[in-house]
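Have a look at the structure below before the remarks.
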Amino acid sequence: MNFRPHPIRQLTSQLKKHDAFSRDNMLRITVFYLKLLLQEPFRFWEELRHGKDIDQHEPAYDPIFIIGHWRSGTSFMQYLLGRDPQFAYLNKFETVFPDVFLGSENFLKTLARRIPQTLQLVRDAQNMSIDLEW
């Protein structure tokens, strides 16, 4: 059985380890905790429904990680590899909600589409040429 630490406990331990609790970071930290708290019922459901299958799953092949500096072509490399049917990849939703995407993607996508507008992330993303489309 694989052990997956609870995301809230994991976040707290990493913030403590890196001494990240500060007045400057409190808004970001609060947003992360809020996201984790809101997805907790979905995470619990996903653990009940898929936990055993996830623990028993053995990947058929080793993963490929694309690592690179910003604006160095990593997104294009991901695009090229994604066009090849022998590879699989995470979509943006699965990346943002890794603990709950199996059972709640349709419901949470509706809510997640509103976050960029609410937090004024669209303007910031457009300034950085980032696509926030789910």
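Both backbone and side-chain heavy atoms feed into the values below; hydrogens, waters and symmetry mates do not. Heads up: numbering here begins at 1 and tracks the sequence.
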Quick one, Phe97 and Glu105 - any side-chain contact, counting heavy atoms below 4.5 Å? no

Heavy atoms of other groups near Tyr89 OH, more than 12 under 6.0 Å: no

Whether over 12 other heavy atoms sit under 6.0 Å from Asn106 CG: no

Please check if the number of heavy atoms outside His18 that lie under 6.0 Å from its NE2 is greater than 12. yes

Return the CZ to CE distance between Phe21 and Met26, rounded to the nearest 0.5 Å. 6.5 Å

Heavy-atom check, side chain of Leu11 versus side chain of Gln14, under 4.5 Å: no

Please check if Leu36 and Leu15 belong to a single hydrophobic cluster, counting links between Ile, Leu, Val, Met, Phe, Trp and Tyr side chain heavy atoms closer than 4.5 Å. yes

Which residues satisfy the side chain to side chain contact (heavy atoms under 4.5 Å, CB included) test with Ile66, sequence neighbours excluded? Thr74, Met77, Gln78, Leu81

Heavy-atom check, side chain of Tyr33 versus side chain of Thr12, under 4.5 Å: yes

For Phe44, is the CZ atom crowded, meaning more than 12 foreign heavy atoms sit under 6.0 Å from it? no

Contacts of Phe42 that satisfy ring pair (Phe, Tyr, Trp, His ring centres under 6.0 Å) - sequence neighbours left out: Phe107

Calculate, to the nearest 0.5 Å, the distance between atoms CG and CZ belonging to Leu80 and Phe76 respectively. 4.0 Å

Could you pull out all residues at least two apart from Glu46 that satisfy salt bridge (Lys or Arg N to Asp or Glu O under 4.0 Å)? none

Are any of the side-chain heavy atoms of Ile54 and Leu102 separated by less than 4.5 Å? yes

If you define the side chain from C-beta out and look only at heavy atoms, does anything of Thr95 sit under 4.5 Å from Asn91? no

Rounded to the nearest 0.5 Å, what separates atom CZ in Arg43 from atom OG in Ser104? 12.0 Å

Rounded to the nearest 0.5 Å, what separates atom CZ in Arg28 from atom CG in Asn25? 6.0 Å

At what distance, to the nearest 0.5 angstrom, does CD1 of Ile29 lie from CZ of Arg23? 13.0 Å

How long is the span from the CG atom in Asp55 to the NE2 atom in His50, to the nearest 0.5 Å? 13.0 Å

Going by distance alone, is a donor N or O of one side chain under 3.5 Å from an acceptor N or O of the other, for His6 and Glu40? yes

